[in-house]
Amino acid sequence: MPELPEVETIVRGLKPEITGRRLTFVAVHTPSVVRGDARAVEKLRGRTVKTISRHGKSVFIELVSAGSPLATLRVHLGMTGQLLFETADVALARHTHVLFRFEGNPRELRFRDIRRFGCLELVTPKTRPNLGPDAWQSPPEVIFETLRGRAGMAKAALLDQTLLAGLGNIYVDEALFRSGIHPRTPLGRLPLPKLRALCDAIRLVLGESIELGGTSFRNYVDIEGGRGGFKGRLRVYGKHGSRCRCGDIIRRDVVAGRGTHFCPSCQPRLRSPSRPSARSTP
DNA sequence: AGGTTGACCTGGACGC
DNA sequence: TGCGTCCAGGTCAACC
């Protein structure tokens with residue numbers, strides 16, 4: 001599942017391949033993967049890639065054309081989306097939905113998505129999705145202030161892209177484990193040092209994963225079809241039933257509607273708010 | 001308003 | 001072998 005580190009890896013791979021190049025060919029084979037008018041995407045032909053960037057799990061490709069306003073193509077990979085560079089003679093893999101060719105680049109860019117949760121979309125500043133600050137590129141202080149005092153369970157809040165953009169199920173579970181926070185803890189009740197530890201853990205897991213080219217749990221591959229190396233560093237995600245380093249057994253519960261992996265010993269529930277004890281000093 | 005559930009979609013795992 | 005069922009989860013909508 002492409003989350004922030006996987007999308008970052010893809011964007012880093014795409015930058016030298018397409019930046020400054022003119023789009024010579026666009027073919028949408030599956031119009032339903034395009035939000036809005038699929039023909040508008042095909043009409044990008046002739047434009048030149050000015051920039052390619054990432055915000056959260058979204059890829060943004062800005063294309064310019066003399067005398068026309070800037071066009072911004074947003075690509076979201078959903079759960080099984082892939083952006084692959086292949087020479088045109090390589091047979092199209094099943095579930096390949098959109099093709100792009102660029103002047104001076106012998107390979108073509110293919111958008112493939114088995115489950116079609118991903119999408120392409122032309123966006124304007126007004127129709128850009130409402131995303132919170134990027135979980136990797138934002139200064140730690142911004143992330144701290146973003147999460148501070150928020151209502152709702154930690155798991156749900158960290159998955160909320162309008163709050164903080166980029167984390168998905170894998171990295172939320174890993175960051176909560178590394179900071180010793182139970183997924184059901186209300187964010188607003190975290191002691192500030194604990195919240196600080198959570199922010200540090202988010203940076204730690206994202207940085208480590210980006211360095212290793214992301215996590216290939218099921219379908220994720222980079223633009224060359226290569227797999228990410230972070231899977232071996234996972235400590236709780238997908239490890240329910242096996243033993244944590246502390247000796248306890250890692251559990252899997254459904255929290256905020258998602259499979260959630262945690263160690264009950266390393267991530268204890270917060271005690272109920274202290275209230276006067278009936279049995280205190282006589 | 002926080003929380004849960006279902007829909008979307010397909011492949012893979014599992015049980016009979 | 002082959003069929004039915006369930007599960008995975010990013011995001012959105014509908015509901016309690």
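Proteins come first, then strands; the chains are lettered A, B, ... in the order of their sequence lines, and each starts at number 1.
- Sequence order on DNA chain B of the closest nucleotides to Val254(A) and Ala151(A) puts Ala151(A) first from the 5' end.
- Taking only side-chain nitrogens and oxygens, His95(A) comes nearer than 4.0 Å to OP1 or OP2 of dG11(B).
- A donor-acceptor pair under 3.5 Å is absent between the side-chain atoms of Arg110(A) and the main chain of Leu83(A), judged by distance alone.
- Using a 4.0 Å heavy-atom distance criterion, Ala156(A) is classed as making no nucleic acid contact.
- Of the charged side-chain nitrogens involved, at least one lies within less than 4.0 Å of a carboxylate oxygen, so that Glu145(A) and Arg148(A) count as a salt-bridged pair.
- Nearest to the side chain of Phe117(A), among dA8(C), dT4(B), dG10(C), sits dG10(C).
- Annotation: side chain of Pro183(A) is in contact with side chain of Gln267(A) (closest heavy-atom distance under 4.5 Å).
- Between Lys57(A) and the phosphate of dT11(C), there is a side-chain N or O to OP1/OP2 separation shorter than 4.0 Å.
- The partner of dA1(B), taking Watson-Crick or G-U wobble pairs whose two distances both stay under 3.5 Å, does not exist in any strand shown.
- Taking the P atom of each, dA1(B) and dT11(C) are spaced 22 Å apart, rounded to whole Å.
- One interatomic measurement links the two molecules: NZ of Lys155(A) to P of dG3(B), which rounds to 14 Å at whole-angstrom precision.
- Side chain of His76(A), nearest nucleotide from dG3(B), dT10(B), dG10(C): dG10(C).
- Between Arg94(A) and dG11(B) there is a side-chain N or O to OP1 or OP2 distance below 4.0 Å.
- Salt-bridge annotation for Asp173(A) and Arg235(A): absent, with no side-chain N of the basic residue lying under 4.0 Å from a carboxylate O of the acidic one.
- For Arg116(A), the side-chain atoms get nearest to dT10(B) when compared with the rest of dG10(C), dT10(B), dC12(C).
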